Amino acid sequence: MYTKPSHQGRGVGGLIVVEIETRARAEGMTQLVLETGDRHPAAWRVYERAGFKRCGPVLDYPDSHWSVFYEKPLVREAA
């Protein structure tokens, strides 16, 4: 995910993450995982504010010092 510099700091990334989570829950998914680069601290902040925690390599990604991995369990929201 990339946000143009002119739109950074406005919460756009966080809103996208919320929408992804909403759709994932609706599809019955129980966990989200992601990979981002080692030089993207702004992205780390977005994910960490959204409740993601760092983890080891996910899916078929190799362990690499250029990658930072995150995961978040999805709890179903009460109806």
Side-chain angles (χ1 to χ4, degrees):
M1 172 169 48
Y2 175 77
T3 304
K4 289 182 178 183
S6 61
H7 289 75
Q8 291 174 358
R10 297 182 184 184
V12 174
L15 292 172
I16 292 170
V17 171
V18 168
E19 182 65 22
I20 290 169
E21 287 184 30
T22 299
R23 290 175 183 235
R25 281 189 185 93
E27 293 293 325
M29 294 180 189
T30 59
Q31 182 181 31
L32 292 176
V33 297
L34 65 91
E35 181 272 346
T36 188
D38 69 329
R39 296 180 183 180
H40 303 290
W44 304 342
R45 286 189 295 277
V46 169
Y47 302 132
E48 290 168 4
R49 285 181 189 142
F52 283 80
K53 303 290 182 205
R54 287 194 183 198
C55 64
V58 297
L59 306 173
D60 292 331
Y61 281 94
D63 196 3
S64 167
H65 66 276
W66 292 296
S67 293
V68 179
F69 302 98
Y70 284 92
E71 64 184 354
K72 180 178 182 178
L74 297 179
V75 178
R76 287 207 83 39
E77 295 177 353

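Excluded from the calculations below are hydrogen atoms, water molecules and symmetry mates; all remaining heavy atoms, backbone and side chain alike, are included. Quantities reported herein were computed from a predicted structural model and do not represent experimental measurements.
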Quiz prompt | Residues in side chain to side chain contact (heavy atoms under 4.5 Å, CB included) contact with R49, at least two apart in sequence or another chain | solution = R45
Self-check item: side chain to side chain contact (heavy atoms under 4.5 Å, CB included) partners of H65, counting only residues at least two apart
Solution: none
Each residue besides [X] in its hydrophobic cluster should be listed here, by chain and number; the cluster joins Ile, Leu, Val, Met, Phe, Trp and Tyr at side-chain heavy-atom distances under 4.5 Å.
| X | value |
| --- | --- |
| L15 | none |
| V58 | V33, L59, Y61, F69 |
| Y2 | none |

Self-check item: Pairwise distance SG(C55) to CG(L34) - rounded to 0.5 angstrom
Solution: 7.5 Å
Quiz item: Going from CG on L74 to CZ on R25, what distance comes out if it is rounded to the nearest 0.5 angstrom?
Solution: 5.0 Å
Quiz item: Where do G14 and V46 come nearest, in terms of heavy atoms and distance?
Solution: N-CG1, 3.9 Å
Quiz item: Does any pair with a residue in residues 53-75 pass salt bridge (Lys or Arg N to Asp or Glu O under 4.0 Å), and if so which ones, sequence neighbours excluded?
Solution: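 Salt bridge (Lys or Arg N to Asp or Glu O under 4.0 Å) check on residues 53-75 returns E21-K72, E48-R54.
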Quiz prompt | Sidechain-backbone polar pair: W66 side chain, R39 backbone, donor-acceptor under 3.5 Å | solution =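 It does not hold such a pair.
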Practice problem: Please assess F52 against V17 for the test side chain to side chain contact (heavy atoms under 4.5 Å, CB included), listing each intermediate value before the final yes or no. | Solution: CA-CA 10 Å; F52 283 80; V17 171; 3.9 Å; yes
Self-check item: Qualifying residue for side-chain contact (heavy atoms from CB on, under 4.5 Å) with Y47, from T36, L32, V68
Solution: T36
